[in-house]
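Here is how names work: the chains are called A, B, and so on, in the same order as the sequence lines, proteins then strands, and each is numbered from 1.
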Protein chains: 2
Amino acid sequence: MKRANQERDDHNLSNLAANIAMGGKDGSSSLNSSRDRTNSPLNTHSSMTAAQSPTQPNPKPTEDVIYAELYNSILERRLPPETKLGENLLAEHYGVSRTIIRQVLQRLAHDRLVKLEPNRGAFVSSLSLEESKQIYEAWRLTEAAIVRDVTKTITRKQITALKKLVTEERQACEAQDIHRLTRLSAQFHMQLADLCQNKFLGRFLKELVPQTSLAFFYEVKSMPVCTKDEHSEILDYIASGNEEAAVAAAMRHLDGIEKALNARASLKKPTSLIDLLNARIPSIS
Amino acid sequence: MKRANQERDDHNLSNLAANIAMGGKDGSSSLNSSRDRTNSPLNTHSSMTAAQSPTQPNPKPTEDVIYAELYNSILERRLPPETKLGENLLAEHYGVSRTIIRQVLQRLAHDRLVKLEPNRGAFVSSLSLEESKQIYEAWRLTEAAIVRDVTKTITRKQITALKKLVTEERQACEAQDIHRLTRLSAQFHMQLADLCQNKFLGRFLKELVPQTSLAFFYEVKSMPVCTKDEHSEILDYIASGNEEAAVAAAMRHLDGIEKALNARASLKKPTSLIDLLNARIPSIS
DNA sequence: TGAACAGTAATTGTATACAACTTTTGTACA
DNA sequence: TGTACAAAAGTTGTATACAATTACTGTTCA
């Protein structure tokens, strides 16, 4: 009836993304597991260097783990907008029942990272250019309030943690690790939001930021704007208690990101299978 | 096996609230049904005058209907904070499986109107005074941006719809219908938020407003601040295109609500069964 | 050749059975 | 009388079976 423990599929992000991309017909994969039990999905090290501990017999992942993996996967743009997230495929991949997958998909739909179409299934959400603009407008409004708040209350320890994050960004940038950089860049703002005394504003921003990964245009291959230096600048102003300068720097930063987005908005959706196939041989055409 | 259609329990709000309050041991109830299929829960007429069409054989309610009923029920303060929402009780009350109830509870938890405690169940969320203050701060920030936006783009038809709402508020106020007034008052702000061009800001406010019903203090029996006139004032400024005056009026309005909340914050939680029993005979003590 | 239709396969929606956990209730003992 | 422990009742968590809907594929007919 059930699959034995030993022959259960492992689950890691790169394999999952590959499986989904090719329709899930390829079952074989390598052994890998990450068993973080943090509340916020962002703190899992899902996209760290691959080879970790192949010894673990790979117990059944919890709902939270699966949620975190998919969450990060979308945030890092590994699963592009409009990708179909079939329940059976995911259930078999993670070795859990569809019940769990369903709950995960509902949570992601709640985060607006996934859209559920009745009787048709779950898909990674997508954003139009207009919607993206609206996100950045809402982001600016909220970020300003948060930066103001945080500048007043931030502690040494918190500054150190954020500086560490910027350092990691720098490393990812040097290593040309686009996915990791994308995640770390979002994480900087989300971690800042966590420091805001006002829980509700913080939550709002933390919901907003990941959605910027859903723009259905956006050139994935080129390196995103290297935001590490701007993050560093904002952080310095915050640390020095210069509220207005910090806010101004943050606003410039967001404006810059949005400008870069607009610049890339020219190329349309390369999402269909045909487009993906064509994109494989760009030199021949 | 299954219960026959005819003897299936009906489901209406007042009976549900009563059932939950008394632990669900009382099964009998009257016949009533509302079958709206709107997307936003607020447009259902769940709390209108009771007697409608007792002829309907009462088909199985959809997930959306149950969601809307519970949503409104919490918003209107019929189900007070910390009320336990047992899955079996709800499933039997609505005549659906626990699967459906579970999904509804998850959606409500996503809205932060319900909190899910692992292995313990679902409860109506509650808010501390500090959290309430934070909500109002976030509300002010967002409301200002929304009022500014709406003032620029509002149409005649939309103004008429809002005026109708204010009229309904006035009626509810005269009729001393606290629950309905609470809902209509929230609806005014949520409908305004819907008119905002920026979807994300609008959504945020629509998530924020219902949560103000979760303050675990707050005197339910006394009439809430009659906000109808202030709503009318805000609306007039918006209609006349006076952006700054509209924003100022809205800010005064929110300040007033928060002040009233603080004033009522003295009486602590009367949630426990003992407290409720004691509250029944206040004249004797 | 192409469009429309029908049948089949696959996927999602719902209900139910069982397992795991928590809370309550009852009893024994200090 | 009160505390500690044990049993049982009730509730939630998960998996699975079946129903309903959709998507696909192959055939027929114009």
Does B:Arg112 have any salt bridge (charged side-chain N to carboxylate O under 4.0 Å, His left out) partners at least two apart in sequence or in another chain, and if so, which?
none

d(CD, B:Glu92; C1', D:dT12) in whole Å
15 Å

For A:Tyr94 and D:dT14, what is the distance between atoms OH and C1' respectively, to the nearest whole Å?
18 Å

Expressed as a whole number of angstroms, how long is the span from B:Ile100:CD1 to D:dT12:P?
16 Å

Rounded to whole Å, the CG-P distance (B:Leu105 to D:dT12) equals 9 Å

Would the distance check show the side chain of A:Thr182 and the main-chain N or O of A:Ile178 forming a donor-acceptor pair, the cut-off being under 3.5 Å?
yes

Please check the phosphate of D:dG10 (OP1 and OP2 only) for any side-chain N or O of B:Lys84 closer than 4.0 Å.
no

Between B:Leu85 (CG) and D:dT11 (C1'), how many Å, whole number?
14 Å

If you only use heavy atoms from C-beta on, which nucleotide in C:dT11, C:dA15, D:dT12 is closest to the side chain of A:Asn88?
C:dT11

Residues at least two apart in sequence or cross-chain that pass side-chain hydrogen bond (donor to acceptor under 3.5 Å, both in side chains) with B:Glu63, listed by chain then number, are B:Arg107

To the nearest Å, how far apart are A:Gln103 CD and C:dT12 P?
16 Å

Please determine whether a side-chain nitrogen or oxygen atom of A:Thr99 lies at a distance below 4.0 Å from atom OP1 or OP2 of D:dT14.
no

How would you list, by chain and number, every residue that makes a side-chain hydrogen bond (donor to acceptor under 3.5 Å, both in side chains) with B:Gln134, sequence neighbours excluded?
B:Glu130

Separation of D:dT21 P from A:Glu87 CD (nearest whole Å):
16 Å

Using a cut-off of under 3.5 Å, enumerate the N/O to N/O pairs linking the protein to nucleotides 19-22 of chain C.
| from | atom 1 | to | atom 2 | distance (Å) |
| --- | --- | --- | --- | --- |
| C:dC21 | O3' | B:Asn119 | ND2 | 3.4 |

The criterion is salt bridge (charged side-chain N to carboxylate O under 4.0 Å, His left out); which residues satisfy it with B:Glu131, sequence neighbours excluded?
A:Lys199

Over 60° means perpendicular and under 30° means parallel, so tell me whether A:Phe204 and B:Phe204 are parallel, tilted or perpendicular.
parallel

Residues passing the salt bridge (charged side-chain N to carboxylate O under 4.0 Å, His left out) test with A:Lys133, sequence neighbours excluded, are none

Starting at CD of B:Gln106 and ending at P of D:dT12, how long is that distance when rounded to a whole Å?
13 Å

